[in-house]
Structures are given as structure tokens and as C-alpha cells.
2 protein chains.
Amino acid sequence: MPDRHPTLDEQIAIYQREYRDLDPQVEKVVNAVSRLDRRMNVAYGRQLATLGLSNPEWEVLKELVMAGSPYQLWPGTIAKRLGLTPAAMTHRIDRMLGQSLVTRERDPDNRVRVIIGLTDTGREKWLEVMRKASVFEEDLLQDLTTDERAHLGDMLTRLLRRVEDAQPDAGGRLTDLD
Amino acid sequence: MPDRHPTLDEQIAIYQREYRDLDPQVEKVVNAVSRLDRRMNVAYGRQLATLGLSNPEWEVLKELVMAGSPYQLWPGTIAKRLGLTPAAMTHRIDRMLGQSLVTRERDPDNRVRVIIGLTDTGREKWLEVMRKASVFEEDLLQDLTTDERAHLGDMLTRLLRRVEDAQPDAGGRLTDLD
DNA sequence: AAGCTAAAGTTCGATGCTAAAGAGTACACA
DNA sequence: TGTGTACTCTTTAGCATCGAACTTTAGCTT
């Protein structure tokens with residue numbers, strides 16, 4: 001028994017034997033996305049480690065940069081976007097404060113709220129990671145032509161729109177919001 | 001501040017302001033994959049919960065089915081494929097034994113080793129999940145024609161080959177194995 | 001204005017994960 | 001045959017996360 005998974009095509013062939021009505025085309029796309037994400041995260045994790053950053057910290061950094069200037073978000077917002085509980089955010093922020101990656105202050109407009117801000121250190125860390133990551137990402141896509149990259153990006157965006165603009169109903173079906 | 005992320009295109013526009021040399025085409029593909037995987041996992045998680053299954057348990061079930069008949073793997077193999085430590089596998093298997101999803105027995109060829117086997121109950125659970133999941137997956141891909149689905153699957157497979165057949169070197173570069 | 005309700009974030013107890021140490025087994029080589 | 005070495009799984013301690021209860025504040029209702 002080798003430590004590696006069967007190839008994607010082997011996996012789907014076996015799945016089809018177990019479940020006759022499975023659509024191999026759909027299954028291929030879905031499982032490729034899942035496998036790709038896992039591999040990408042392993043690669044990112046390795047590079048983050050060399051910069052003294054953990055994956056959880058990197059996630060928070062990304063959210064703050066993604067928010068754009070002035071790089072501020074409420075903890076609850078970050079938590080929801082990352083799919084975490086507020087409790088987990090409290091502890092993550094605690095740790096990141098110690099490394100001066102972020103700041104935490106009370107919201108002057110509502111004293112129950114708190115504002116998490118990105119420090120210059122945090123922004124520079126983000127940039128370092130991105131510079132390293134872009135080398136890996138370019139390698140990952142090296143077999144695709146510019147046209148293919150554009151087409152791939154376009155199709156993935158369409159899938160994403162389908163799932164980000166909709167909420168699954170009680171039966172798990174994706175239904176349009178409006 | 002809304003709880004939702006900026007759209008993918010907004011995210012990339014902001015990233016470009018922060019990091020001029022970023023390739024937006026590459027970034028779009030990579031971030032779309034990452035976002036898609038997160039959304040898919042949320043959707044799967046919801047459906048698993050209705051079947052009394054957790055995500056960790058589902059991962060193990062998938063590995064055993066993917067191994068094909070006779071649905072047996074060593075704990076260490078499953079751990080490596082899932083990116084977990086052996087210790088985590090020990091505990092996962094403990095929990096799954098309680099639900100009769102898997103069996104654990106000593107390997108007759110090497111008494112240090114252990115063989116994890118899939119029970120009929122486990123196989124039926126896998127099938128239930130797949131039936132539910134395929135509804136969601138079909139919804140996810142509904143905007144793509146058959147040709148597009150094939151092309152998308154093909155391109156993703158090529159990315160996957162690049163990252164599954166290679167090991168990043170010390171600098172994080174992807175290099176061919178042979 | 002006073003009290004009610006909703007919302008944000010922190011604290012607390014329980015669970016699952018990791019890293020490292022430990023116990024048991026197989027194999028190579030003298 | 002005996003010993004060393006490598007390997008596999010389990011155990012243990014420490015840490016991150018979750019679910020739930022709690023504190024504080026804002027805004028609505030009467």
C-alpha cells in the first residue's frame with residue numbers, strides 16, 4: 001500500500017463502481033478542486049513556516065489586507081468570513097498582538113465593538129508571503145497558456161458566483177437569493 | 001462592514017494595489033480554487049451533519065472506499081494521505097469503531113501493523129453521502145456546458161499533476177521527480 | 001426616562017489535534 | 001543466534017478550536 005492516493009482518474013473509476021449513477025465529469029472537477037486546495041495549503045504552510053507565520057495567522061492577515069485601506073475589521077466579521085467562532089478569533093488576535101501583526105482597540109462609535117487593525121509589520125509580512133507564494137503559483141500554472149489561464153479563471157469564477165451568491169436551502173439545494 | 005468577503009475580482013484589485021508585480025490571472029485561479037474548496041466543505045459539512053457524520057470521519061471513509069476492494073488500509077497510510085499525525089488517526093479510528101463504520105485488526109504479516117477495514121455500515125454511509133452530495137455538485141456546475149465541464153476537468157487535472165507528481169525543493173520551487 | 005431585547009466579544013469547560021516519547025516487532029548483519 | 005536499527009502504532013502533555021454562558025453596550029418600546 002503506497003502512501004500516495006490513487007490518481008484522480010483512478011479514484012473516480014472506483015467511485016463509479018460503488019455508485020453507478022455518479023457523473024464522472026462533475027466528480028472530476030469537484031475532487032480536483034479539493035485535492036488542489038490541499039496541496040496548495042501544504043505548499044503555503046511550508047513557506048509561511050520559513051517566515052515564522054502560521055496558517056491561522058496568515059488567514060487573518062489576508063482578510064485585513066483584502067479589506068483595503070485603512071485595513072480595519074471587526075473580530076466578528078473576520079470570524080464569519082473565516083468560518084470560525086468569535087472565541088477562536090479572540091485567541092488568534094491575542095497571539096498576533098504579541099507579534100505586533102495587528103492592533104486591537106475599542107470602536108469609538110460603539111463601545112461593545114472592537115476594531116482590529118493591520119500594523120505596518122503585518123502588511124510587510126503579507127507582502128513577503130505573497131512574493132514567495134507567487135513563485136510557487138507561477139510554477140503551478142506553468143503548463144497552461146495565457147488563454148487557458150483566462151478560461152480557467154473565468155469558469156472557476158462562474159462556479160464561485162453560483163455558490164457565493166446563493167444559500168443552500170433546507171435540502172441543501174442552491175437557490176438564488178433574489 | 002458586511003460579513004461577506006469582497007468579490008474575487010475586488011480582492012485581486014486590492015492585492016494588485018498592494019503588490020504591483022502580482023499576476024492577476026494566476027491569482028484569480030489560485031484564489032478561486034481556495035474559495036471554492038471552502039464553500040464546498042461548508043456544504044458537505046451541513047449534509048454530513050444530517051447523516052450523523054463529522055468531516056473527519058468522512059475523510060477516513062473516503063480513503064477506504066477510494067482504496068477499492070477489499071477496502072483495507074494501514075492507519076499510517078491514511079494519516080499520510082490526509083496530512084495527519086498517526087496519533088490523530090488512532091483517535092479517529094477509536095471514534096469510528098464506536099459507530100461500527102470501520103474495523104481494526106492486527107496485520108497477520110506483521111504484528112506491529114494494524115489493518116483498518118470498512119464495514120458494510122461504513123460503505124452504506126459513504127453511498128448516502130455521495131447521493132446527497134451529487135445533488136449539490138450538479139447545482140454547482142449547472143452553468144457550465146458539457147464541453148466546458150470537460151475542459152475545466154482537464155485543466156484542473158493538469159495543475160494537479162504538476163503538484164502531485166512533484167515535490168517542492170528547499171526554495172519552494174516545484175521540480176519534477178524524475 | 002426605564003426596562004426589554006438584541007448584539008459583540010470574552011471567559012470557561014470539553015474535544016481533537018500536534019509533537020515527542022514509549023513499547024513492540026521485523027529485518028539486516030555479524 | 002544476538003544485537004542494532006528502523007519502523008508502526010499508542011500514549012501523554014500542551015495548544016487551538018468549539019459550544020455555551022456571561023458582561024457590557026445600543027437601540028427600541030412604552
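Order of the sequence lines sets the chain letters (A, B, ...), proteins ahead of strands, with each chain counted from 1. When reading the values below, keep in mind they use all heavy atoms of this one structure, side chains included, and skip hydrogens, waters and symmetry mates.
Ring orientation note: the planes of Trp126(B) and Trp58(B) are close to parallel, at an angle under 30° on the 30°/60° scale.
Protein atom CE of Met96(B) is 19 Å distant from nucleotide atom P of dT15(C), rounded to whole Å. Atom CD1 of Ile93(A) is separated from atom C1' of dA8(C) by 14 Å (rounded to the nearest Å). Here the C1' atom of nucleotide dT23(D) and the CZ atom of Arg111(A) are 14 Å apart, to the nearest Å.
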Candidate pair Leu140(A) and Val29(B), rule side-chain contact (heavy atoms from CB on, under 4.5 Å), full reasoning: CA-CA 10 Å; Leu140(A) 181 65; Val29(B) 169; over 6 Å; no
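Counting heavy atoms from C-beta on, the side chains of Arg35(A) and Gln11(A) come closer than 4.5 Å. Using a 4.5 Å cut-off on side-chain heavy atoms (C-beta onward), Val60(B) and Leu82(B) make contact. Inter-residue side-chain proximity for Met40(B) and Glu137(B) is flagged as unmet; no heavy-atom pair is nearer than 4.5 Å.
When each of Arg81(B), Glu63(B), Lys62(B) is tested with His5(A) by the rule side chain to side chain donor-acceptor pair (under 3.5 Å), just one qualifies, namely Glu63(B). Looking at Thr77(B), Ile115(B), Thr103(B) one by one, the single match for side chain to side chain contact (heavy atoms under 4.5 Å, CB included) with Gln72(B) turns out to be Ile115(B).
Near-neighbour residues of DNA chain D inside residues 57-66 of chain B, defined by a heavy atom below 4.0 Å, are absent.
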So if I define the base as every atom that isn't primed, P, OP1 or OP2, how would nucleotides 7-18 of chain D read as a B/S/- string at a heavy-atom cutoff under 4.0 Å? -BSBBB---SBB
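Residue Asp120(B) qualifies as open at atom CG: its count of foreign heavy atoms under 6.0 Å is 12 or below.
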